Amino acid sequence: MTEEAVLKLARTARELTGEARLCMAGGVALNCVANGKVVADSIFDDLWVQPAAGDAGGALGAALAVAMDRGSGRAHVGTGRDAMSGALLGPAYDDDRIAEYLTAGGIPHRRLEPAALAAEVAKAIAAGKVVGWFQGRMEFGPRALGARSILGDARDPRTQSVMNLKIKFRESFRPFAPSVLADEAKDFFDLPQDSPYMLVVAPVAEAARRTVAADSGLTGLDLLKVPRSVIPAVTHVDYSARVQTVRERDNPAYHQLLLALKEETGSSVVVNTSFNVRGEPIVNTPHEAYTCFMRTDIDLLAIGGFLLSKADQPEWKEELDWRTEVPLD
């Protein structure tokens, strides 16, 4: 019913205004499936959803209102992109601060140049490793967009259950979302526009799908284990995915990693889920990132210009099992 209501409102808005592009905000605008219906229906040439479209986004509106009152310009208008800086509006920790934390804690690490870091992380993902990715300014909004993310191989059908059970500590059927280079999204998804904030659900392209036998005899959760595409870890049972398209201008470090992954595997699609565990907010500080890394089965932590391997870390000890403090959703 929500999808029907959103579609009818969108059609009516087009008829009343004649505008070719639609902007959406408010909590309902976080309904990725409804947004995907609007895109698929071709009501507008382009749909843009404010990346913090829930109540928290009111802070941006207040800041914008003050800025406009003080004579701020709107130089981004007409440039073909928004002024959200990829929604990377949160805190950042430079390499000096990260190094200070790692050194003070006696935490084993290696320092790498950006290209070398991206290449090594890409190789690890291609080999089935799970990587914590902590880079630059934190995302503002409900989605991890490649700044505070946990990444895995979208091609591996085991990735979904492994990341759910060993990283997120939640039910194995929970779906994950893909990130992909914007210029290659069409090779994997029926998505006629960018989706930089992971707020549009789109069908997996026919060319990327795999046929599931109707007489397989599988039922219930066993159906989730059947690969439905060349990127099974991010393909839902209805052949849909909640897509994030990535451009260099919005997130250069993440874009470089996806390029390295394409070089390594031939595919730039990666599993992208928020850098946290069930019941906790996304990590913000280096300490929170390291704690999450050590509490879970994440194999590598790429934090700024540093790479940490779980195999090199000292034994992690806590007096209490934190999982007992966080109930299931």
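Bear in mind the structure is a predicted one, so any value in this text is a computation, not a measurement.
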**Request:** Would you sort out whether V277 and C292 count as a side chain to side chain contact (heavy atoms under 4.5 Å, CB included), showing the intermediate values?
**Result:** CA-CA 7 Å; V277 294; C292 186; 4.0 Å; yes

Got a sec: does the [atom1] of [X] have more than 12 other heavy atoms crowding it under 6.0 Å?
{"X": "K310", "atom1": "NZ", "value": "yes"}
{"X": "R158", "atom1": "CZ", "value": "no"}
{"X": "E3", "atom1": "CD", "value": "yes"}

[X] side, atom [atom1]; [Y] side, atom [atom2] - distance, nearest 0.5 Å:
{"X": "L300", "Y": "W133", "atom1": "CG", "atom2": "CH2", "result": "11.0 Å"}
{"X": "E248", "Y": "L181", "atom1": "CD", "atom2": "CG", "result": "10.0 Å"}
{"X": "I43", "Y": "R11", "atom1": "CD1", "atom2": "CZ", "result": "5.0 Å"}
{"X": "I298", "Y": "K129", "atom1": "CD1", "atom2": "NZ", "result": "13.5 Å"}
{"X": "E264", "Y": "L259", "atom1": "CD", "atom2": "CG", "result": "13.5 Å"}
{"X": "M294", "Y": "I107", "atom1": "CE", "atom2": "CD1", "result": "8.5 Å"}

Check for a donor-acceptor pair, side chain of [X] on one end and backbone N or O of [Y] on the other, with a separation under 3.5 Å.
{"X": "S267", "Y": "V269", "answer": "yes"}
{"X": "Q135", "Y": "A302", "answer": "yes"}
{"X": "R242", "Y": "L199", "answer": "no"}
{"X": "S229", "Y": "I231", "answer": "yes"}
{"X": "S240", "Y": "H236", "answer": "no"}
{"X": "S72", "Y": "M68", "answer": "no"}
{"X": "E113", "Y": "A115", "answer": "no"}
{"X": "T159", "Y": "D156", "answer": "yes"}
{"X": "E184", "Y": "V180", "answer": "no"}
{"X": "E120", "Y": "A116", "answer": "no"}

**Request:** Walk me through it: do V6 and K8 pass the test side chain to side chain contact (heavy atoms under 4.5 Å, CB included)?
**Result:** CA-CA 6 Å; V6 170; K8 289 180 179 179; over 6 Å; no

Do [X] and [Y] come close enough that some side-chain heavy atom pair is under 4.5 Å?
{"X": "Y101", "Y": "I303", "result": "no"}
{"X": "F189", "Y": "P203", "result": "no"}
{"X": "P192", "Y": "V39", "result": "yes"}
{"X": "L301", "Y": "F306", "result": "no"}
{"X": "I150", "Y": "V131", "result": "no"}
{"X": "K166", "Y": "V130", "result": "no"}
{"X": "P114", "Y": "Q256", "result": "yes"}
{"X": "S179", "Y": "Y254", "result": "yes"}

**Request:** Assess whether side chain to side chain contact (heavy atoms under 4.5 Å, CB included) is satisfied between D96 and E100, documenting all intermediate values.
**Result:** CA-CA 6 Å; D96 288 342; E100 182 180 346; over 6 Å; no

State yes or no: do [X] and [Y] share one hydrophobic cluster built from I, L, V, M, F, W and Y residues joined by side-chain heavy-atom distances below 4.5 Å, directly or via other members?
{"X": "V162", "Y": "I125", "result": "no"}
{"X": "L112", "Y": "L308", "result": "no"}
{"X": "V243", "Y": "M163", "result": "yes"}
{"X": "L261", "Y": "V271", "result": "no"}
{"X": "F176", "Y": "I167", "result": "yes"}

Kindly give the heavy-atom pair with the smallest separation between [X] and [Y], and that separation in Å.
{"X": "A29", "Y": "N35", "result": "O-ND2, 2.8 Å"}
{"X": "T265", "Y": "A126", "result": "CG2-CB, 3.5 Å"}
{"X": "P196", "Y": "Q244", "result": "O-CG, 3.5 Å"}
{"X": "Y290", "Y": "P314", "result": "OH-CD, 4.1 Å"}
{"X": "D312", "Y": "P108", "result": "O-CG, 3.2 Å"}
{"X": "V246", "Y": "H255", "result": "O-CD2, 3.8 Å"}

**Residues W316 and E318: side-chain donor-acceptor under 3.5 angstrom** = yes

**Prompt:** Just checking, any donor-acceptor pair under 3.5 angstrom between side chains of T285 and Y93?
**Reply:** no

**Prompt:** Is the shortest distance from a Lys or Arg side-chain nitrogen in E4 or K37 to a carboxylate oxygen in the other one below 4.0 Å?
**Reply:** no

**Asked** Does a side-chain N-to-carboxylate-O contact under 4.0 Å join E139 and R148?
**Response** no

**Prompt:** How would you list all residue pairs meeting salt bridge (charged side-chain N to carboxylate O under 4.0 Å, His left out) that involve residues 187-206, not counting sequence neighbours?
**Reply:** D194-R247, E206-R209

Report all side-chain donor-acceptor pairs from residues 82-92 shorter than 3.5 Å, counting only partners two or more places apart or in another chain.
| from | atom 1 | to | atom 2 | distance (Å) |
| --- | --- | --- | --- | --- |
| D82 | OD1 | M84 | N | 2.9 |
| D82 | OD1 | Y197 | OH | 3.1 |
| D82 | OD2 | W48 | NE1 | 2.7 |
| D82 | OD2 | Y197 | OH | 2.8 |

**Message:** Using side chain to side chain contact (heavy atoms under 4.5 Å, CB included), reason through L191 and T245 one step at a time and then give a plain yes or no.
**Reply:** CA-CA 10 Å; L191 183 63; T245 55; 4.1 Å; yes

